[in-house]
Student: 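First the structure, which I've put down as structure tokens, then a few questions once you've had a look.
Order of appearance sets the numbers: ligands from 1, and atoms from 1 within every ligand.
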Amino acid sequence: MTIDAWLRAAAARLNTESARLDAELLLTHVLGLTRAALYARLRDELDADAQAKVDALLVRRVRGEPIAYITGLREFWFMPLKVTPAVLVPRPETEVLVEQALLRLPTDRDLTLIDLGTGSGAIALALAKERPRAIVHAVDASEAALAVAEENAKRLGLTNLRFVLGHWFWGIPGEWERSLESDLRFDLVASNPPYVAGDDPHLLQGDLRFEPRMALTPEGDGLSAIREISHDARARLKPGGWLLFEHGHDQGPAVRHILERDGYTNVETLRDMEDRDRVTVGRWNVVSGSFEAEDSGRES
Ligand code: GLN
């Protein structure tokens, strides 16, 4: 069978929007080729060994497993990241959060940043890469997820990160040596927390079935993690520091309400590339209980 014939047959078997691309990604993974190189070899024979391997991967994809779990790799912010089923697959819309964070982070001074629920490390690694003078704290409650994030930092040669086992800002009993120092204050708190409502039918469909439920949903209305982080970040942000959340496309008004009620200023929702509400930001201008006069410097 030729490479071309295998790709056509595989695409026909996959009942997904991205069938052809998925087939190409599986085959490039097995053959160790780029897609361009694969295209140059469409008429070559696929050897029996490679075909057996890629057929086995195709079966996993037909059952719905995300491509990133099958290949163990996903690109985010121009960085190849290792992913395992212990972490959410990084999504392109999360790059909106990174862009918005960078707009608010000066390049000319030391910064202390934190990514809550880091998973593969996507957000933390992007910030660490783009702001070499920052120390980025990457927090996760999952030991397995944190190990993936740490490995990604190592592979990328990024050393300006600290890995913290914790539930948001809080330590996990018995793990105090790996928890956050209580006197740390941040210039920016970023989080792509679990935000899908517990009864959302999407949790039982498609790729989401294979992802860690604790990374997707806090159960209930989907907003409890955002409420908790918004509340607790107030004691952790430096005056003028920023809080940024990724959230569901229909959660913009609810998240703005939470931030405004908690006393953040400059609250605003940004849209993703599909023009859906995706990221809400707020600024902590409170100094010892009173609002500081707003400086005009860092509006986006
Ligand atoms: N964006 C994901 C989805 O709905 C959810 C990610 C999350 O809960 N943080 O597919």
Side-chain angles (χ1 to χ4, degrees), residues 16-18 21-22 61 64-70 74-77 81 83-101 114-127 138-142 144-146 148-149 152 166-169 189-230 232-233 243-256 258-259 269-282:
T16 56
E17 268 174 58
S18 53
L21 177 63
D22 288 1
R61 182 60 188 146
E65 201 175 330
I67 287 280
Y69 289 160
I70 300 174
R74 176 70 173 238
E75 184 127 330
F76 181 84
W77 201 263
L81 298 187
V83 296
T84 74
V87 304
L88 200 75
V89 176
R91 290 161 165 67
E93 55 268 30
T94 302
E95 295 185 341
V96 175
L97 188 152
V98 172
E99 282 164 9
Q100 290 299 325
I114 190 164
D115 172 21
L116 298 174
T118 198
S120 63
I123 294 169
L125 294 162
L127 297 178
V139 181
D140 211 283
S142 156
L146 209 60
V148 173
N152 278 322
H167 176 76
W168 313 136
F169 295 104
V189 173
S191 185
N192 173 15
Y195 56 68
V196 180
D199 62 358
D200 189 319
H202 292 104
L203 290 168
L204 307 174
Q205 295 163 15
D207 289 14
L208 269 59
R209 288 171 297 160
F210 291 83
E211 296 183 286
R213 189 174 170 100
M214 72 179 279
L216 289 165
T217 177
E219 308 301 337
D221 67 357
L223 291 165
S224 62
I226 289 174
R227 281 190 201 99
E228 195 178 331
I229 293 169
S230 169
D232 292 348
L243 174 64
L244 290 87
F245 285 114
E246 177 178 321
H247 53 70
H249 64 87
D250 53 357
Q251 292 173 328
V255 177
R256 288 196 299 278
I258 292 167
L259 266 59
T269 298
L270 296 310
R271 294 176 161 245
D272 63 20
M273 57 283 182
E274 292 181 37
D275 205 28
R276 296 176 304 193
D277 281 357
R278 184 58 64 191
V279 170
T280 292
V281 306

Student: Is there a polar contact between ligand 1 and Arg278, counting only N or O atoms under 3.5 Å apart?
Tutor: no
Student: How about Glu17: does its CD atom have over 12 heavy atoms from other parts shown lying under 6.0 Å from it?
Tutor: no
Student: Please work out, at 4.0 Å between heavy atoms, whether the side chain, the backbone, both, or neither of Thr217 comes within that distance of ligand 1.
Tutor: neither
Student: Is it the side chain, the backbone, both or neither of His202 that has a heavy atom closer than 4.0 Å to ligand 1?
Tutor: neither
Student: Restricting to side chain to side chain donor-acceptor pair (under 3.5 Å), what partner residues turn up for Glu99, sequence neighbours left out?
Tutor: none
Student: Please determine which of Glu246, His247, Gln100 meets the side-chain hydrogen bond (donor to acceptor under 3.5 Å, both in side chains) test together with Thr280.
Tutor: His247
Student: Whether Asp221 and Arg227 form a salt bridge (side-chain N of Lys/Arg under 4.0 Å from carboxylate O of Asp/Glu) is what I want to check.
Tutor: yes
Student: Where is the nearest protein heavy atom to atom 2 (C) of ligand 1: which residue, which atom, and how far?
Tutor: Arg91 NE, 3.4 Å
Student: Of all the atoms in ligand 1, which lie at a distance below 4.0 Å from a heavy atom belonging to Leu88?
Tutor: 6 (C)
Student: Suppose we screen for side chain to side chain contact (heavy atoms under 4.5 Å, CB included). Which residues come up paired with Ala144, at least two apart in sequence or across chains?
Tutor: Ala86, Ser142
Student: Checking a contact table here: which protein heavy atom is nearest atom 1 (N) of ligand 1, and how many Å away?
Tutor: Tyr195 OH, 2.8 Å
Student: Judged by non-hydrogen atoms, does Gly117 sit under 4.0 Å from ligand 1?
Tutor: no
Student: If I take atom CG from residue Leu203 and atom CG from residue Leu216, how far apart are they, to the nearest 0.5 angstrom?
Tutor: 6.0 Å
Student: What are the atoms of ligand 1, with element, lying closer than 4.0 Å to any heavy atom of Ala215?
Tutor: 7 (C), 8 (O), 9 (N)
Student: At a 4.0 Å threshold, what atoms of ligand 1 neighbour a non-hydrogen atom of Leu216?
Tutor: 5 (C), 8 (O)
Student: Minimum heavy-atom separation for Ala190 and Leu97, please, with both atom names.
Tutor: CB-CD2, 3.8 Å
Student: Which ligand 1 atoms does Pro193 reach within 4.0 Å, using its non-hydrogen atoms?
Tutor: 7 (C), 8 (O), 9 (N)
Student: Mind checking whether Gly222 has a heavy atom under 4.0 Å from ligand 1?
Tutor: no
Student: Among protein heavy atoms, which lies nearest atom 4 (O) of ligand 1, and at what distance?
Tutor: Val196 CG2, 4.0 Å
Student: Would you mind checking if Glu274 and Arg91 are paired as a salt bridge, meaning a charged N to carboxylate O distance below 4.0 Å?
Tutor: no
